[in-house]
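Every chain is numbered from 1 and lettered A, B, ... according to where its sequence line falls, protein lines coming before strand lines.
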2 protein chains.
Amino acid sequence: MEQPDTRTKLLDVAEKLFAEKGIGATSLRNIIAEADVNLASIHYHFGSKEALVREVFARRIKPVNAERLQRLDKLEESGEQSAPELEELIRAFIEPAIRLKFEEPERMKFILRLISLLQSDGGELRELFTDLFEEVATRFLAALQKSLPHVSQAELFWRFKFMLGSMFMIMSHPPVHDVKFIETSELDPESILAQVIPFLVAGFEAPAAEN
Amino acid sequence: MEQPDTRTKLLDVAEKLFAEKGIGATSLRNIIAEADVNLASIHYHFGSKEALVREVFARRIKPVNAERLQRLDKLEESGEQSAPELEELIRAFIEPAIRLKFEEPERMKFILRLISLLQSDGGELRELFTDLFEEVATRFLAALQKSLPHVSQAELFWRFKFMLGSMFMIMSHPPVHDVKFIETSELDPESILAQVIPFLVAGFEAPAAEN
DNA sequence: GTCTATAGCCGGATAGAC
DNA sequence: GTCTATCCGGCTATAGAC
C-alpha cells in the first residue's frame with residue numbers, strides 16, 4: 001500500500017475539511033491535525049492558505065473540464081456541418097462530473113460539494129471559479145447556440161445558468177446533515193442522469209418567452 | 001429621517017458583510033466597525049455571533065415564505081377539487097423571491113445571495129436552512145405532486161431540487177465581481193420570470209425517465 | 001523536508017462602570 | 001443600553017535547529 005506523500009495528504013484532508021466546514025471556517029491547524037503532519041509543512045508545500053485553496057480546487061476541476069472539452073470536440077468533429085444534438089451536448093457537460101461523483105466517491109465526494117460553494121461565494125473565490133470555468137462555459141455556450149438557433153442569446157445564457165444550478169444541486173446532494181423535508185432517493189449515476197437530462201432537455205427546448 | 005436603532009443597524013451591516021465576504025470570514029469586529037457601534041452591543045442584542053446569523057436570515061426569509069404559503073393557500077382554495085395549474089404553482093414559489101430581489105433591491109440585495117450560500121453550506125448553517133424552508137418545501141411538493149400525478153415521487157423531488165437550483169442561480173446573479181464569460185442580460189423581474197418559468201414548466205412536464 | 005518554538009495579530013466573549 | 005478594558009484562545013506565518 002503506497003503511502004501518500006505529505007503534499008497529497010494535505011490536499012486530501014483540506015478538501016475534506018473545506019467541504020465539511022467551509023473554507024473560511026477551516027484553519028490550517030485543523031488540517032495539519034487531521035493529516036498528522038507539521039504546521040509548517042503547509043507553508044513549505046504551498047506557501048499560504050490561499051495557494052492551498054487554489055490547488056485543492058484546480059487538482060480536481062481541471063481533469064473534469066478537460067474531459068468535457070474532449071467530449072465536446074468529439075461531438076463537433078463527428079457532426080462536422082450539422083450542429084450536435086442538444087441532449088448530447090448536455091450530457092457531455094453534465095456526465096463527467098456526475099460519473100466522477102458517484103463512481104469515484106472516495107476521490108470526488110468532497111470537491112463536488114465545494115464547487116457549488118465556489119459558485120455562491122461573493123469574495124475572492126469567485127475569481128478562481130471564473131479562471132477554472134471560463135473556457136468550458138464559452139465553448140459550450142457557443143455549441144448550444146448552434147444547436148438551438150431559435151433561442152436568443154440572453155435566453156440561452158439563463159438556461160445555461162439554470163443547468164449549472166441543477167448540477168450544483170446534484171453535486172451538493174445529499175446534504176451533510178440530511179435535509180428532513182425530502183427522502184433521499186437513488187444515488188447511482190444512471191438514475192441521476194436519467195432524472196436531470198430529460199429535465200434539462202425539455203427546459204432548453206422550451207418555447208421562447210414572448211417578450 | 002428615522003434613524004435605525006442599533007439592533008436593526010447591526011442586522012443590516014451583518015447581512016451586507018456576510019454576503020460580501022462570507023459568514024465565517026466576517027468578524028464581529030468588522031460588523032461593529034462598519035455599524036459604528038460598540039463591540040459589546042452585539043452580545044447585548046443577540047447573545048452570540050451564531051444567534052446574530054440566525055436572525056439575519058430569519059428576518060428576511062420568513063416574510064417571503066409566508067407570502068409563498070399565502071399564494072399557495074389561494075391557489076388551493078380557488079381550485080378546490082381540481083389541482084392547481086403547474087405554472088401557477090411554480091410562479092407562487094418563484095415570484096415572491098424574484099420580485100423582492102429586484103423591486104426592493106436595497107432591502108433584499110444581500111440576503112438573496114446569502115440564501116444560496118446557506119444551501120451549499122456543509123456545516124451547522126444547513127440546519128438553519130432546513131428550519132426555515134421545511135414547511136414551504138413540504139407544502140409545495142405535495143401540491144406539485146397533485147398537479148403532476150404521473151411523475152413519481154423521486155422524480156418530483158429531483159425536479160423540485162432543480163427548481164431550487166435555478167432560483168439560487170438567479171438569486172446570486174449578478175456575481176459580485178461579474179463573471180467574464182457571460183454578458184449580463186436583463187435584470188427586471190418580468191424578464192427573469194419570463195426566462196425561468198417556461199424553462200421550469202417544461203422541465204417539470206418532461207416525460208418520465210424510463211428506468 | 002520536517003520539526004519546535006514563537007512572534008504578532010485577531011477572534012468571540014464577558015465583567016463591570018456609567 | 002452603551003461603553004471600556006480585558007481575558008484567553010486560535011489564527012497565519014516565519015525563524016531556525018536538525
Should the ring pair Phe162(B) and Phe199(A) be called parallel, tilted or perpendicular, given that the plane angle runs from 0 to 90° and is split at 30 and 60? tilted
Taking any heavy-atom pair under 4.0 Å as a contact, classify Ser27(B): base, sugar-phosphate, or nothing. sugar-phosphate
To the nearest Å, how far apart are Leu17(A) CG and dC11(D) C1'? 16 Å
Side chain of His43(B) only, please: which of dT2(D), dT2(C), dT14(C) is the nearest? dT14(C)
Round to a whole Å and report the spacing from NZ of Lys9(A) to P of dG1(C). 14 Å
Spacing of Asp36(B) atom CG relative to dT2(D) atom P, expressed in whole Å: 12 Å
Atom CD1 of Ile32(B) and atom P of dA5(D) are separated, to the nearest Å, by 14 Å
Calculate the interatomic distance between Ile42(A) atom CD1 and dG1(C) atom P; express it in whole Å. 16 Å
Closest to the Ala40(A) side chain, choosing from dA15(C), dC3(C), dT2(D): dC3(C)
Phe46(A) has an atom CZ; how far is it from atom P of dG1(C), in whole Å? 12 Å
Which listed nucleotide (dA13(C), dC11(D), dT2(D)) is nearest to the side chain of Tyr44(B)? dT2(D)
Taking 4.0 angstrom as the limit, do Glu76(A) and Arg139(A) come out as a salt bridge? yes
Considering only NZ, NE, NH1 and NH2 on the basic side and carboxylate oxygens on the acidic side, decide whether Glu55(B) and Arg60(B) come within less than 4.0 Å. no
Checking all strands, does Leu39(B) fall into the base, sugar-phosphate, or nothing category for heavy-atom contacts under 4.0 angstrom? base
When you check the phosphate oxygens OP1 and OP2 of dT2(D), does a side-chain N or O of Thr6(B) lie under 4.0 Å from one of them? yes
How many angstroms lie between atom CG of Leu193(B) and atom CG of Asp188(B), to the nearest 0.5 angstrom? 9.0 Å
Side chain of Lys49(A) - closest among dA13(C), dA13(D), dT2(D): dA13(D)
Candidates dA13(D), dT4(D), dG11(C) - which lies nearest the side chain of Asn38(B): dT4(D)
Glu87(B) side chain to Pro198(B) backbone, donor-acceptor under 3.5 Å: no
Under 4.0 angstrom between Ser48(B) side-chain N/O and dG12(C) OP1 or OP2: no
Protein-nucleotide distance (Asn30(A), atom CG; dG9(D), atom P), rounded to Å: 17 Å
